[in-house]
Structures are given as C-alpha cells and as structure tokens.
Q: 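Please find one structure pasted underneath; my questions will follow.
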Amino acid sequence: MLYLNDVRKTFNPGTINEKKALCGVDLHLNPGDFVTVIGGNGAGKSTTLNAIAGVWPIDSGEIIIDGVNVGKLSEHQRAKYLGRVFQDPMLGTAAPMEIQENLAIAARRGERRTLRWSITRKEKEEFRELLKILDLGLEDRMTAKVGLLSGGQRQALTLLMASLKKPKILLLDEHTAALDPKTAAKVLEISDKLIAENNLTAMMVTHNMKDAIAHGNRLIMMHEGRIIFDVSGEEKKQLTVDALIRKFSETSGKEFSNDRALLN
Amino acid sequence: MESFLNYISSLPGAVAQGMIWGIMAIGVYITYKVLDIADLTVDGSICTGAAVCATMMTLGCSLTVSMICAFIAGMLSGLLTGVFHTFMGIPAILAGILTQLVLWSVNLKIMGLALDKSSAANLPLSARNFNTLVSMLDMNRSLIILEVICIVVIALLYWFFGTEYGSSLRATGANLNMSRAQGINTDLCKIFGLVLSNGIVAFAGALLAQYQGNSDINMGKGAIVIGLAAVIIGEALFGWLSRNNFALKLITVVLGGIVYFIVYSTVIYLGLDSNYLKMLSAIVVALFLAAPYWKKKYFTKPYAEKHKHKEKHTPSLPKEAE
C-alpha cells in the first residue's frame, strides 16, 4: 500500500540551522496495517508524515502510494490518496463553515469541484448517519458553524472527514496531543472505530507509549531521522513501556530523551 | 434653509453613489472577508473599469460590449495580482500595490487611446452624448437600474459561493491546511477569487464613470478604504439582519456603502473642508476595524462566567480553551 524507499530530507541545507530531518527512511505498509509511530523530539515522526503528504518536496528517495509514485505530485494532488488529521484541532476544519459544509468538502476529496450545488439532500442524510457514529450529538447541529465546536469535537469531525472518502492511507499526526486526557481517549476510541470499520491503512504518530502499544497492529520507533525498531503482530502485543525504553537505549545507544513520553 | 434643502436633494445621489460603491465593496468583501486577503489592486482596477468603458464608448462601441470589456479588464488585473501572489510568492498586500502601480500607467494609456494621445488623465463620458446605463442627470432611472444590478450581482454570487467550486474558495479563505488536505488547489482558488473580485470592482468603476460623467485617473485613490468602510459599516449596523446568510451579508455591504455616502453628504453639509474627507474616511475605517478588537479585549466576559450554567449539561466531551 505504501512504500518509502530511502527518503531523505534536510531543512535549511548549508546554513547554521541545517537540520537533517530524514536520513534514509525505508518503510513498507501492507493494506490494513495500523502503525503507531513513536520516538523522541526531532526524531522525524511528523516529518515522515509530512513527506508522505507532500507538504514540501523530499530531497531524494521514493514515495509510492498504492502503486503510484507521488514524488512529483503537490500536496493537494496527493490528497486524493490521503486522509489527514493534524495535531492542532483548528487545522483540520474550516471554522466559519457549517459542519455539513465541511463534510461536503471532504466528500469531494480527489474529485473535480464543479458548479453543481455544494451539498445534496442525499448527502445531508448520509452525513447525519455518519455523525451519529461519533456519539457527540453533532447530527443535530449540522448547520452549526464548526468554530462553535470544542477542540475535541473538531478533532472528531476532522477524523470523520479524513475517513469519509476511504483514503489509501490515514495519517494521524499526534492528533490527540492537544486534547485533555479524557477527550484524547474518546478521540482515540473514535479513531480505532473508524479505522476498523473502513478497514483503513493508517499511521499514527504519538508521544504516548501506552497508546502506541495499545493501538494498531504494528509499532515503529524513530530516532534521528531513521526507523530503528519495527515490531508487529504477537511480538507487538507483548510489548511494555519498559521494554520499549530498553529497546531504545540498546538500538540508539542513548537514553530515551523525551520526558513527555516517559511520564505517560 | 436653502442649504438644508440642497442637502436633502443631494441624498438620492448619495444613495446612488452608495450603491455603485456598494457593488465595488462586494468585490472587496470577496477578497477581504471570504479569501482573507487585503487586496489593494482595487484602487487601480476600479479606474481600469472606468477607463475601458469610457474609452470604448468614445470610440463607438456599444454600452454592453464596453461594460463586458471593463469587467474582463478588471479580471485581468486580478489575475496579475494573483500571479504575483501565488506563482511569484509576493505577499498579497505588496502584490496588490504592484498591480496598482502597473494599472496607473495602463489606465493613462487606455484613456489616451480615446483622445488619440499617448496618454490622458481624464476622459468625459457624459450622458448627454452617450447612451449610458446610469447617470446623475436621470436620478430616478439610475436608482432603479442600480437596485436591479445589485440584486442580480448578489444573486449570482450567492449561487456561485453555494456551488462546489465556490465552497472550495470559502474553505481556502478559512483554512489553507484543511483545504490542501482535502485536495483543493488553494493557489488557483486565490487567483480565481482575485479575478472575480477585481472584475466586479472594474464593473462598478464602469458604472461610476457613467454616473459621474467622466473617467479620471485619480478616481480610485483610496477606493480600498471606501470598500472596507462599506463592508465594516454594513456589518456593524446591519449585521444583526444577516443571520449568517451569505446573500444577506452582501446586502449589508451595499447598505454600508449607502450609509457611507449619506454620512459623506452630511459632513459636507455641515461645512467640513472636503480636503479632510479622505482623512476622515481613514479614521472611521480604523475605528470600525478596532471596534471588534477592543470589544474582545475589554468588553468580553470571561469564558467561565458566561458558560457557568451551561457547563453541567454538556455531553461527554468537555470544552477546551479555544
């Protein structure tokens, strides 16, 4: 479903702020894989997701989504294959537009936008049913502006929008990090549900090791722009936070440098 | 007493001017409110519309053809700003100023064509000699025609912004990240918005030239301020009426333009030196722009206090700080 072959990216090359963000990332995802991505600050987790999404061009390497080399495609062209949820709940939805208008825009991801009316009656019914899945009462507020919703509600809506037109890959970039623990748990639960129901291939970046272990069928750990650890199946199910931290110092030769991850 | 009667008799003119500038302000609304771009192209493109219309009519073209060409000329100036801004990466405000400067030369050249000179700063377009759509010489007819034009423009825009493409423009203005993630070509949307906006502004310019009976190189000076004033005054005075409906919002913009010119006439009646008018406009716009900011900063109740009684009934998701 997704191949990353030796993907490299350096920010501000040749300057004092030079940062080698990705130093040869190789990854292959099978259809239906739900991968959690962990690592310290600056390990390249979000950078990997942004490279896939095409936020900027990569320096070298190949990104192949469902057999298509997307290296030359711009961000909005790649959107056809991707569903994305950002860390900041404000980034995934358009605040001055209605809930149903946001969903209608998501329903046309990857399609030509024409001069037909932006939302059909049939769609409104479909959206109402979909919003019920979230269990947040949004199905009764379809014409409310998204700006009136809380961060958690907006993130849940973004998730629904990202999975509305079944994407080849769902990219979740620390999408619960800005929420309080209770809301984060709820949003994670919705993520699991949508991924399972639509049988999606997904990558989820997280700072929370427990979440990384509890969710998905595969876990990768990144360090200094490389993948240093990749487990799946039974082996992943047996993982513990302690084992992960031990694994980290073994492979990288360093202490796990992220207080936030340790505390969780 | 006599001057008061003069003042009263000047009011229909103020309304007509207000409607023309209201149409222009609708163009400003598209960039400033929908796309979230402060587009200074309009100072030039309103005159481009006027110059193209006046020149073509002087050269013997029909009213319809002249006005369509004025609209297209405005769209081209919007295209230039759009290319400066997206393709060349120039900040929107600067891109607009650059186009404005380009248009200064272009407008002089266009008007020169009519007089067979290399350039001209002014071109008459009197309703006495030409078959114009509106004119201050026939106020009743002008008012009715302008009303119809306003309604048609608003209806067309209401339809457009309700379509799939129109809502991708709204999304672009609201949230670039979201738009790109949903596969919207945000650069193209910005360009299209600028093209549409400046087309409307130039169309208003063509109307203005007919109404006041000439096209003048200076007629666009400070147009952005008048446009913003119309948008802001309309929102402040009639916002309660719009109820989040796009068409009603555009109507408030036109009403804002009318109020602006009534105030303008009143100020002149009260004997203010007309040299101060531009300064006064700028101050009024500055104050109106500051109003929502001040309101938020000094007059908003703390969030907790406002929602104290509601909090108990919120469903499973607690509200975060926004």
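Numbered from 1 within each chain, the chains take letters A, B, ... in sequence-line order.
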Q: Do you know which two heavy atoms are closest between A:Arg109 and B:Ala181, and how far apart they sit?
A: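 Shortest heavy-atom contact: CD-O, 3.5 Å.
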Q: Ignoring hydrogens, what is the shortest heavy-atom contact between A:Met90 and B:Asn175? Give both atom names and the distance.
A: O-ND2, 3.1 Å
Q: Against chain B, label A:Arg112 side chain, backbone, both or neither, depending on which of its atoms sit under 4.5 Å from a heavy atom there.
A: backbone
Q: Is A:Glu101 in contact with chain B via its backbone, its side chain, both, or neither, using a 4.5 Å heavy-atom distance?
A: side chain
Q: Compare every heavy atom of B:Gln182 with every heavy atom of A:Ile105, then report the nearest pair and how far apart it is.
A: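 Distance-wise, the nearest heavy atoms are CG2-CB, 4.0 Å.
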Q: Indicate whether the side chain of A:Thr114 and that of B:Glu164 have a donor and an acceptor atom separated by less than 3.5 Å.
A: yes
Q: Distance from A:His76 atom NE2 to B:Arg180 atom CZ, nearest 0.5 Å?
A: 9.5 Å
Q: Of the non-hydrogen atoms in A:Phe86 and B:Asn177, which two are nearest, and what is the gap between them?
A: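 Heavy-atom minimum between the residues: CZ-O, 4.0 Å.
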Q: Identify the heavy atoms of A:Trp117 and B:Trp159 that sit nearest to each other, and give their distance.
A: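 The answer is CZ3-O, 3.5 Å.
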Q: Could you measure the distance from the CZ atom of B:Arg170 to the CD atom of A:Glu98? Nearest 0.5 Å is fine.
A: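 Interatomic distance, B:Arg170 CZ to A:Glu98 CD, rounded to 0.5 Å: 7.5 Å.
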Q: Is it the side chain or the backbone of B:Phe161 that comes within 4.5 Å of chain A heavy atoms, both, or neither?
A: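 Answer is neither: B:Phe161 stays 4.5 Å or more from chain A.
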Q: Could you look at A:Lys145 and say if it's the side chain, the backbone, both or neither that has a heavy atom under 4.5 Å from chain B?
A: side chain
Q: Could you tell me whether a side-chain N or O of B:Thr163 sits under 3.5 Å from a main-chain N or O of A:Ser118, the two making a donor and an acceptor?
A: no
Q: Based on non-hydrogen pairs under 4.5 Å, which of A:Thr158, A:Leu82, A:Thr93 is most in contact with chain B?
A: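 The option with the most such pairs is A:Thr93.
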Q: Heavy-atom pairs under 4.5 Å with chain B - which of A:Met97, A:Arg78, A:Arg84 has more of them than the others?
A: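 Ranked by heavy-atom pairs under 4.5 Å with chain B, first place is A:Met97.
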Q: Is it the case that over 12 heavy atoms from other parts of the model lie below 6.0 angstrom from the OH atom of A:Tyr3?
A: no
Q: Can you tell me if A:Lys165 has over 12 outside heavy atoms packed within less than 6.0 Å of its NZ?
A: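 Correct, the count exceeds 12.
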Q: Examine whether an atom of A:Arg116 lies under 4.5 Å from a heavy atom of chain B, and if so say whether it belongs to the side chain, the backbone or both; otherwise answer neither.
A: both
Q: Let's go through A:Arg113 and B:Ile184 carefully: what are the C-alpha distance in whole Å and the side-chain angles of both, what is the deciding distance for side-chain contact (heavy atoms from CB on, under 4.5 Å) to 0.1 Å, and is it a yes or a no?
A: CA-CA 9 Å; A:Arg113 289 166 206 268; B:Ile184 292 169; 3.5 Å; yes
Q: So what's closer than 4.5 Å to chain B heavy atoms on A:Ala106: side chain, backbone, both or neither?
A: both
